[in-house]
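Notes for the one structure printed next.
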Amino acid sequence: ILTFLLTKSLTKSTVLSFLSAVFVFATPAFFFFSAATYVDLTVTLCTVSMVYFIHRYYIEEKRIHLCIAAVSCAGALSCKYTSIIVFASVLIVMVLKGSGRRRFCDIGLFLAVCLVFCCPWYLRSYLESGNPLFPFGYNLFGSGFPSPVPTEKMTFLGRLIHAGTGHDN
């Protein structure tokens with residue numbers, strides 16, 4: 001549906017919009033990933049939704065579209081760390097597209113809404129391992145190993161992180 005709506009808003013052609021949606025659903029990768037529990041379809045859904053609502057925001061200039069785009073971006077950021085590239089791309093577009101004070105207000109609103117909705121996942125990783133990008137970002141935040149906390153006092157994620165590392169107490 002989002003593919004149809006995005007194509008319709010860009011081309012104004014119902015036939016082309018329908019064909020683009022059929023093309024997406026007809027790809028073998030779509031069938032393969034939809035049969036498995038895989039985060040890439042969710043990331044794709046959130047990313048396409050974000051692009052659609054950013055596009056609607058710049059056409060209609062309604063901030064509700066910007067907020068929905070930020071929530072969609074937060075969903076993508078919460079699913080997979082590679083979504084940081086999409087997040088940075090949107091910020092670059094917002095810097096280049098906007099003008100004056102409104103540009104900075106829009107960027108601030110986008111960042112605030114996005115951070116509110118994606119921070120719980122990064123905060124949980126930070127509290128559990130000392131690294132918000134766990135299992136990546138060791139050079140910036142460290143690995144979280146070894147832990148002085150006894151295994152019986154750790155949360156489930158803490159025990160999972162330390163399992164088989166030689167630091168089991």
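Note that this is a predicted model, so its numbers are computed, not measured.
Annotation: Phe18, atom CZ; neighbour count of heavy atoms from other residues, nucleotides and ligands within 6.0 Å does not exceed 12. Within 6.0 Å of CD1 in Ile85 there are 12 or fewer heavy atoms belonging to other residues, nucleotides or ligands. At most 12 heavy atoms of other shown residues, nucleotides or ligands fall within 6.0 angstrom of atom CZ in Arg101.
Linking ILVMFWY side-chain heavy atoms closer than 4.5 Å, directly or via other members, places Leu109 and Ile54 in a single hydrophobic cluster. Hydrophobic clustering, with ILVMFWY side chains joined whenever heavy atoms are under 4.5 angstrom apart, groups Leu10 together with Ile68. Following chains of ILVMFWY side-chain contacts shorter than 4.5 Å, one can reach Val113 starting from Val116, so the two form part of one hydrophobic cluster. No continuous path of ILVMFWY side-chain contacts below 4.5 Å connects Tyr126 to Tyr122, so the two sit in separate hydrophobic clusters. Follow the hydrophobic side-chain contacts under 4.5 Å out from Val86 and you reach Tyr81 in the same cluster.
Cation-pi geometry between Lys62 and Tyr57 is not satisfied (NZ or CZ under 6.0 Å from the ring centre, within 45° of the ring normal).
When every heavy atom of Cys46 is checked against every heavy atom of Gly75, the shortest pair comes out as SG-C, 3.8 Å. The two residues Ser83 and Ala76 come nearest to each other via the heavy atoms OG-O, 3.0 Å. Pairing each heavy atom of Val95 with each of Arg103, the nearest pair is O-NH1, 2.8 Å. Of all the heavy atoms in Val93 and Tyr58, the pair that sits closest is O-OH, 4.5 Å. The two residues Asp106 and Met94 come nearest to each other via the heavy atoms O-CE, 3.6 Å. The heavy-atom pair separating Lys80 from Val43 by the smallest distance is CB-CG2, 3.8 Å.
When only modelled atom types and interatomic distance are considered, Thr7 and Ser20 share a side-chain donor-acceptor pair under 3.5 Å. Side chain to side chain, Thr14 and Lys8 meet the donor-acceptor criterion of an N or O pair below 3.5 Å.
A distance of 8.5 Å separates OG of Ser17 from CG of Leu5, quoted to the nearest 0.5 Å. The CD1 atom of Ile107 lies 13.0 Å from the SG atom of Cys114; values are rounded to the nearest 0.5 Å. Between Cys73 atom SG and Phe117 atom CZ the span is 12.5 Å, to the nearest 0.5 Å. Taking CZ from Arg124 and OG from Ser78, the interatomic distance works out to 10.0 Å, rounded to the nearest 0.5 Å. Note that SG of Cys119 and CG of Leu77 are 10.0 Å apart. Values are rounded to the nearest 0.5 Å.
Side-chain contact between Pro132 and Leu123 is absent, with no heavy-atom pair separated by less than 4.5 Å.
Checking His55, Arg56, Met50 one by one against Tyr52, the side chain to side chain contact (heavy atoms under 4.5 Å, CB included) holds for a single residue, Arg56.
Between Phe110 and Phe87, the ring planes lie parallel to each other; the angle is under 30°, not in the 30° to 60° tilted range.
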